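Report on the structure given below.
What's counted below: heavy atoms across the whole structure, side chains too, no hydrogens, waters or symmetry copies. Sequence lines set the chain letters: A, B, ... in the order given, protein chains first and strands last, and positions in each chain run from 1. No experiment lies behind these values; they were computed from the predicted model shown.
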There are 2 protein chains.
Amino acid sequence: MDDIDRALVLRLQQDASQSYAALGAAVGLSAGATHERVRKLRERGVIRRTTVEVDPAAVGSGVLAYVMVDSNAWMGDSKAAFEAIAEIQEAHIIAGSASVLVKVRTATTEQLQDVLRRLYAVDGVSGTHATVVLDTFFERPLPL
Amino acid sequence: MDDIDRALVLRLQQDASQSYAALGAAVGLSAGATHERVRKLRERGVIRRTTVEVDPAAVGSGVLAYVMVDSNAWMGDSKAAFEAIAEIQEAHIIAGSASVLVKVRTATTEQLQDVLRRLYAVDGVSGTHATVVLDTFFERPLPL
DNA sequence: CATGAAACATCGCACGC
DNA sequence: GCGTGCGATGTTTCATG
């Protein structure tokens, strides 16, 4: 994981559809050597997968909210219960007054309300506190 | 934006490195027709870009926190001030008691503290409330 | 890590549904 | 208009030095 690896990851985050020749030229490597480095980055798990970034509004997920989930029990084994709610994009165990923080995307606020209802149905959940996003300034790749 | 388009987007989110032939076979299309549909999805902005998903811990961003930023002024024009803080991965205007919600990734909690210091220096910011993530259950693509 | 060659995928065009 | 099939071009992949 040297400077060249970091440069490769940075450029792949910006555009993973470019050729290895172009990617290599940008960091001073041949296409073959570039390919080998990227292969190893994948193997080591630094790069998890290649994916596409989708406009949420274009696929019926125009409403974004973060929900603090309070509980009266240990939530560490409840991963599956949150995964079962398709509208939950992220779920984290957190420090502080709440127990779990989830990121939710739905088409409408009615559907958001329904997600809250299903969150209350999860074992141990004693309350929710939803924060609705009015406008997203930006979402960007990791700094390197 | 029919069912085939949705299937294409779903499969590309899971693996954008597969060939158009393989992608087409999965949805019952030829490679050429698949390529044309994906090109149009990009053109329309449904697919914003192709990127790689990186393990944050592997690139020195093992600490994740969400910060509620309180303000005593309208924050709608402060996008640039938040963008200038490299450790901020997402920034949203929110409804409710706080004004802005930011997602922050740093290598250490000391660096997180430094980000909070820089947030206080932003014009109009009157307070912060940080929630540190202890463990991430999952982060996954949009539902379709 | 670079180079060259073979295997493969992409991409444009003419055709057919 | 939309998808198909083929051919030219460019890219990946693997050998060797």
Charged N to carboxylate O below 4.0 Å: is that the case for [X] and [Y]?
X: B:E139; Y: B:K103; result: yes
X: B:K79; Y: A:D135; result: no
X: A:K40; Y: A:E43; result: no

Taking atom types as modelled and ignoring hydrogens, do the side chains of A:S17 and B:T50 form a donor-acceptor contact shorter than 3.5 angstrom?
no
Donor-acceptor contact present, side-chain A:S71 to main-chain A:V125, <3.5 Å:
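Flag not set: sc A:S71 to bb A:V125 has no pair under 3.5 Å.
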Summary of protein contacts for nucleotides 4-17 of chain C, nucleotide by nucleotide, where a base hit scores B, a sugar-phosphate-only hit scores S (4.0 Å, heavy atoms):
-----SSS------
Quick check: do A:I88 and B:R140 have side-chain heavy atoms less than 4.5 Å from each other?
yes
Just the endpoints, please: which first and last nucleotides of DNA chain D, 5' to 3', lie under 4.0 Å from a heavy atom of chain A?
D:dT11 to D:dT13
In this structure, would B:L64 and B:V132 fall into the same cluster of hydrophobic residues linked by side-chain contacts under 4.5 Å?
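No.
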